[in-house]
Amino acid sequence: MGNPRVIYWFRTDLRLHDSPALKAALELNPEAFWPIWTWDPHYVYRARVGTNRWQFLLDCQNDLSSSITKLNKNSKLFLMREAPQTLFPKLFKAWKITHLVFEKDTDAYARDRDAEVKRAAEEAGVEVIIRSGRTLWDSDELAKKNHGKPTMSISQVQAAGPKIGKIPKPIPAPKSLPDPGEITLEFEQEPPEAKPDFNGSSRSQGDRSYERISGPSGDFAVPTMEELGFPAATSPHHGGETIALEMLDKIIANEKYTATFEKPNTAPTAFEPQATTLLSPHLHFGSLSVREFYWRVQGVVDNYTGTASQPPVSLTGQIFFRDMYFGAQAELGYSFGQTLYNSHCRFIPWHLPSKVDHETKLVTGDYHIDSPQAEEWFQRWKYGRTGFPWIDALMRQLRQEGWIHHLGRHAVACFLTRGGCYISWERGAEVFEEWLIDHETACNAGNWQWLSCTAFFAQFYRCYSPVAFPKKWDKEGKFVKRYVPELNELDSKYIYEPWKAPIADQKRAGVRIQGDGKVEQEGIYPKSMFDFNERRNICIDGMKKAYKIGLYGNDAKVIDGTWRKLFEGDAEGPTEGNTFVDAMGEEAGDDEKVQSDDDNREDRNGAVEEDERGAKEAGGENNEGGKRETKRKRGQGTLDAHVKISKR
DNA sequence: GGCGTGGTTGGTACA
DNA sequence: ATGTACCAACCACGC
């Protein structure tokens, strides 16, 4: 074998600093070195990616490409527009490749894809080098050290992680890069499977993603939004390693902030500047190394003279949660992203459940509209027209900017699922997947399960109030007024409950609180779509019952649909289900098609109301509960326990 | 195996 | 205004 001819395949690691895989590639001392990105149709068409995240990705690629060129004027990030599975076998031959190097990706789809590429490499006699670099600890190792089980609590991470070893110290960025070899393309492009296009609805012009392997100009350049068919992004947040490292520098320079950060004490209502670091999208795209972040923060903490905060609430603790979700995903695979077939996700008979293909055991991306009322609530939630200004402000910020504070995510997630609409967490996760610039499959699925009390967290009677909770952070309602400007002039005392404002106040503020929020109208803000406290109680009753029944996503009864019998008479269970035979089945027949909110649906009126009478006593059964009541008298919350202990 | 304790980030009533 | 007790009863963990 001659000298190494190496392809470095960038994917989850759009950076030069602290990249174990890049280091391994350069240690081969290559005679030719191609830094490439393959434009995978799976991401282009089958992942939900909104324009803000597209732009962020392009930012990262452009920054990386120019950083590569700074190290070697003959090199850059070469964008190859074809699926890696079909492209690599051709490249291996055409470029006489000896090594393929990339960072390990433990996402379920990525594992399948990489296994296929690896097989092709072996067939072509190409050595594949894979290094873990996306998390503090290798996610497979983490699960292994957690007795081979998915990491489902932060204490498991804190116990299992150190068993692997110390968190690796960051590796400096390379000072030079070898020349790329000649780039020949003496082969045909395999056209992508462009249907279905999950992002079709946001494309405003022709999609030229796959015009040629080397792009429209034939120069392997990073695409533009126009090429991809997208309108301009609206987010103020920008990608790229350069920006990420500058942001980190700024945070680190503020020693007190860095050392005393406590997530639960950061305001979800803060804007310009936000209360948290906003580094999450950079961690997602790898424009910031998670270990770089960890050790820079730890350095400040170690030298801090005051009392530093501790994991899990501290800045480093935030990263432990990320590793926890990656460790759970590493074990559970595809099932971690859905309820069905997920052994660790509780089954709750939510509205709008996912359709599932029982052959592949995967969700299809579509869902059942078991309740027109729930579908209406879902659309109003998604587009920020629930009539609860706190929820609407957050959802509008999310759509516009691609980022909202972690506690804001809690608030909208609780509201959609167990603390309001009783709609499947999977619906919410899909919206976040599309709109978040920091969307990380593992963290998104994990956090939605957390908030919906289907995994990780169980205290379902703790519900975020859309009124009391934001009041605690922002009495004036400045945050709401920024993102729901039609309420700008409204007296702050009504800002979280505008339906309570007297007509005179509404007039003075130039806004009328009326209507059902289905269509946007100048000078109108909708009435709240339900009585929150009423819904909260109904939801808690439903959760109680579902917990008592105790099914999980992989239970036979959940898979074959017989779970239904267990929930008969339940307020938020399948009360509508009498006419809805196969809630989880592959083809339930004549569901409505999922509609965009822009459709004008005139005639939804009488037929819509949901049967909520069944709320009567869903979980409040009999006397058996009474016996146990006398047994357990302690305060139920951590805080209470602390208070009691310290008082004694 | 039963028990006690704790759980990243709640809400409400009342002093 | 701020602090405290309670709400209704979950799971995970450790001994």
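Bear in mind that the values here come from a model prediction, so they are computed numbers and not experimental data. In the text below, chain A, chain B and the rest are named by the order of the sequence lines, each starting its count at 1.
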(request) Just jot down the ring pair (Phe, Tyr, Trp, His ring centres under 6.0 Å) partners of Phe479(A), sequence neighbours excluded, or say none. (result) Trp390(A), Tyr483(A)
(request) Could you tell me the separation between the CG atom of Leu394(A) and the CZ atom of Arg399(A), rounded to the nearest 0.5 Å? (result) 14.0 Å
(message) Between Gln400(A) and Ser235(A), is there a side-chain donor-acceptor contact under 3.5 Å, judged purely by atom types and distance?
(response) no
(message) Nearest to the Arg346(A) side chain among dC10(C), dT9(B), dT12(B), which nucleotide is it?
(response) dC10(C)
(request) Could you check how far CE of Met543(A) sits from C1' of dA9(C), rounded to whole Å? (result) 14 Å
(message) Without decimals, in angstroms, what is the distance between Lys149(A) NZ and dA12(C) P?
(response) 12 Å
(request) Examine the side chains of Gln156(A) and Thr151(A) and answer whether a donor and an acceptor come within less than 3.5 Å of each other. (result) no
(message) From the set dT12(B), dT8(B), dG11(B), return the single nucleotide nearest to any side-chain atom of Phe469(A).
(response) dG11(B)
(message) Would you measure the distance from the C1' atom in dT8(B) across to the matching atom in dA5(C) and give it in whole Å?
(response) 23 Å
(request) For Trp473(A), answer base if it contacts any base atom (sugar-phosphate contacts may also be present), sugar-phosphate if it contacts only those atoms, and nothing otherwise; contact means non-hydrogen atoms under 4.0 Å. (result) nothing
(message) Any salt bridge linking Glu433(A) with Arg48(A)? Criterion: basic side-chain nitrogen under 4.0 Å from a carboxylate oxygen.
(response) yes
(message) Under 6.0 Å from the ring centre and within 45 degrees of the ring axis: does the NZ or CZ of Lys169(A) meet both conditions for the six-membered ring of Trp295(A)?
(response) yes
(message) Parallel, tilted or perpendicular: which one describes the rings of Phe388(A) and Trp499(A), with boundaries at 30° and 60°?
(response) perpendicular
(message) Without decimals, in angstroms, what is the distance between His410(A) NE2 and dG10(B) C1'?
(response) 12 Å
(request) Taking only the side-chain heavy atoms of Gln318(A) (C-beta and beyond), determine which of dG11(B), dC10(C), dT8(B) contains the nearest atom. (result) dT8(B)
(message) OP1 or OP2 of dG11(B) versus the side-chain N and O atoms of Arg536(A): is any pair under 4.0 Å?
(response) no
(message) For the C1' atoms, the ones on dA9(C) and on dG4(B), what distance do you get once it is rounded to whole angstrom?
(response) 15 Å
(message) Going by centres under 5.5 angstrom and planes under 30 degrees, do the aromatic ring of Phe457(A) and the base ring of dC11(C) stack?
(response) no
(request) Could you check how far CH2 of Trp390(A) sits from C1' of dG10(B), rounded to whole Å? (result) 14 Å
(request) Considering only atom P, compute the distance from dA8(C) to dG7(B) and round it to an integer number of Å. (result) 23 Å
(message) Please confirm whether the ring centroid of His237(A) lies under 6.0 Å from the ring centroid of Phe56(A).
(response) no
(message) Quiz question: going by heavy-atom distance under 3.5 Å, is there a donor-acceptor pair between the base of dG7(B) and the side chain of Gln459(A)?
(response) yes
(message) Rounding to an integer number of Å, can you tell me how far Glu262(A) CD sits from dT8(B) P?
(response) 14 Å
(request) Figure out the CG/P separation between Asn537(A) and dA9(C), and round it to whole Å. (result) 11 Å
For nucleotides 13-15 of chain C, print each protein N/O atom paired with a nucleotide N/O atom at under 3.5 Å, atom names and distance only.
| from | atom 1 | to | atom 2 | distance (Å) |
| --- | --- | --- | --- | --- |
| dC13(C) | OP1 | Ser153(A) | OG | 3.2 |
| dC13(C) | OP1 | Gln156(A) | NE2 | 2.5 |

(request) Rounded off to whole Å, could you give me the CZ-to-C1' distance for the Phe456(A) and dG6(B) pair? (result) 18 Å
(request) Assess Arg418(A) against Phe460(A): is NZ or CZ under 6.0 Å from the centre of the six-membered ring, and within 45 degrees of the ring's axis? (result) no
(message) As a test of your reading of the structure, name each stem of DNA chain C as range with range, where a stem is three or more consecutive Watson-Crick or G-U pairs at under 3.5 Å.
(response) B:2-7 with C:10-15, B:10-15 with C:2-7
(request) Answer whether the closest heavy-atom distance between the side chains of Ile495(A) and Leu487(A) falls below 4.5 Å. (result) yes
(request) For the side chain of Asn533(A), starting at C-beta, report the closest nucleotide among dT12(B), dC10(C), dT8(B). (result) dT12(B)
(message) As a test of reading the structure: which of dT8(B), dG10(B), dC10(C) is closest to the side chain of Val313(A), going by heavy atoms?
(response) dT8(B)
(request) Could you label the plane-to-plane angle of the Phe567(A) and Trp563(A) rings as parallel, tilted or perpendicular, counting under 30° as parallel and over 60° as perpendicular? (result) perpendicular
(request) Send over the distance from Tyr461(A) OH to dC7(C) P, rounded to a whole Å. (result) 12 Å
(request) Under 4.0 Å between any heavy atoms, over every strand shown, what does Arg418(A) touch: base, sugar-phosphate, or nothing? Just pick one. (result) nothing
(request) Among dA8(C), dG11(B), dT8(B), find the nucleotide with the atom closest to the side chain of Lys544(A). (result) dA8(C)
